[in-house]
Participant: 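First the structure, which I've put down as structure tokens, then a few questions once you've had a look.
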Amino acid sequence: MSKKRDPLALSDHWHVDCRLVAELPDDRVVSSRFLVNLPFGAVALGLLVLFGLNLSTDLSLRNFIADWSRRLSDSRVQVAGIKQMQREYSGVSAKIEQAHALVKNRLFIYNFMNELGRTRPEQMVINSIESTTSGILMRGTLGESSEQATLLIGQYVAQLSKDPELGPRFEITVTSFERDRGTDQQNFEIAFRFLTTAP
């Protein structure tokens with residue numbers, strides 16, 4: 001068993017401890033206060049960087065919008081001129097389309113007469129061909145009985161409607177069909193009305 005040491009006895013290396021431990025600063029390399037403040041500082045720095053990026057983006061967008069607003073106001077006269085030119089071009093293009101439709105749907109009288117002469121039955125006599133605003137009227141006579149003439153004129157109109165030159169351009173109908181009592185012939189009138197969607 002060891003001897004009890006006297007607390008008041010002096011050791012070989014002794015000195016009086018005058019330190020006030022509670023009042024001395026922390027002498028560790030990394031203090032606990034620093035470790036506590038480190039995450040809060042990192043969060044604050046991240047928020048500051050994020051705020052700076054948002055502020056930079058906002059400022060660049062404002063500058064971009066201001067620049068384009070200035071460009072729009074500067075080019076307002078040019079835009080008005082371009083719109084005026086577009087209106088003029090629309091009017092001219094409508095006229096060109098109308099002229100093209102007229103030229104495309106143009107009917108040459110030689111071709112029309114040739115088709116009528118080629119398809120005309122032998123019993124039919126064409127007395128007159130008259131142009132109207134809506135089309136063409138053809139009048140003539142048939143030297144057949146009423147029943148035979150009716151059948152013949154119906155077949156003729158059907159044949160003209162199927163004709164590749166006349167059928168797509170006209171709506172062909174018999175507008176008048178009467179018996180002439182003086183000559184015992186059948187007078188007829190066939191109307192060729194222009195179709196608006198002619199090829």
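It should be emphasised that the depicted structure is a prediction, and the values quoted were computed from it without experimental measurement. For the single chain, residues carry numbers from 1 onward in sequence order.
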Participant: Counting only heavy atoms not in E147 (residues, nucleotides, ligands), do more than 12 fall under 6.0 Å from its CD?
Facilitator: no
Participant: Got a second to check how far Q186's CD is from T141's OG1, nearest 0.5 Å?
Facilitator: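 If I round to the nearest 0.5 Å, the distance is 9.5 Å.
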Participant: Would you say V125 and F188 are hydrophobically clustered, going by side-chain heavy atoms of ILVMFWY under 4.5 Å?
Facilitator: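 As far as the 4.5 Å side-chain criterion goes, F188 and V125 are not connected within one cluster.
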Participant: Which atom names give the shortest non-hydrogen contact between S146 and T150, and what distance separates them?
Facilitator: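 Smallest heavy-atom distance, with atoms named: O-OG1, 2.7 Å.
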Participant: What distance separates T132 OG1 from I136 CD1, expressed to the nearest 0.5 Å?
Facilitator: 8.0 Å
Participant: Above 12 or not: heavy atoms from other molecules or residues under 6.0 Å from CD of E122?
Facilitator: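 12 or below, so no.
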Participant: Between A149 and L142, what is the shortest heavy-atom contact and its length?
Facilitator: O-CD1, 3.7 Å
Participant: Shared ILVMFWY cluster between F194 and V174, side chains joined below 4.5 angstrom?
Facilitator: yes
Participant: To the nearest 0.5 Å, tell me how far E171 CD sits from S161 OG.
Facilitator: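 Here the interatomic distance stands at 8.5 Å.
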Participant: Return the CG to CG distance between N54 and L59, rounded to the nearest 0.5 Å.
Facilitator: 11.0 Å
Participant: Using a 4.5 Å cut-off on heavy atoms from C-beta on, say whether the side chain of T119 contacts that of D163.
Facilitator: yes
Participant: Show me the donor-acceptor pairs, under 3.5 Å and distance only, between side chains in residues 152-160 and residues at least two apart or in other chains.
Facilitator:
none

Participant: Quick one: does R179's side chain get under 4.5 Å of N187's, heavy atoms only?
Facilitator: no
Participant: Just to verify, which of L45, V43, V49 counts as forming a side-chain contact (heavy atoms from CB on, under 4.5 Å) with L47?
Facilitator: V43
Participant: Listed by chain and number, what are the salt bridge (Lys or Arg N to Asp or Glu O under 4.0 Å) partners of E115, not counting sequence neighbours?
Facilitator: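 By the salt bridge (Lys or Arg N to Asp or Glu O under 4.0 Å) rule, E115 matches R118.
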Participant: Would you call R70 and D67 a salt bridge, taking side-chain N to carboxylate O under 4.0 Å as the test?
Facilitator: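 Yes, R70 and D67 are salt-bridged.
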Participant: What's the spacing between S145 OG and Q185 CD if we round to 0.5 Å?
Facilitator: 12.5 Å
Participant: Report yes if some heavy atom in the side chain of F192 is under 4.5 Å from a heavy atom in the side chain of L116; otherwise report no.
Facilitator: yes
Participant: Just checking R76: does its CZ atom have more than 12 heavy atoms from other residues, nucleotides or ligands closer to it than 6.0 angstrom?
Facilitator: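 No.
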Participant: Rounded to the nearest 0.5 Å, what separation is found between the CZ atom of R169 and the CZ atom of F112?
Facilitator: 11.0 Å
Participant: Mind checking what makes side chain to side chain contact (heavy atoms under 4.5 Å, CB included) contact with R139, not counting sequence neighbours?
Facilitator: S128, E130, L137, E189
Participant: Sub-3.5 Å donor-acceptor pair from the side chain of S75 to the main-chain atoms of Q78, do we have one?
Facilitator: no
Participant: Using modelled atom types and a 3.5 Å cut-off, is there a donor and acceptor pairing between side-chain atoms of S69 and backbone atoms of I65?
Facilitator: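 Side chain of S69 to backbone of I65: a pair is present.
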Participant: Would the distance check show the side chain of R120 and the main-chain N or O of M124 forming a donor-acceptor pair, the cut-off being under 3.5 Å?
Facilitator: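 It does hold such a pair.
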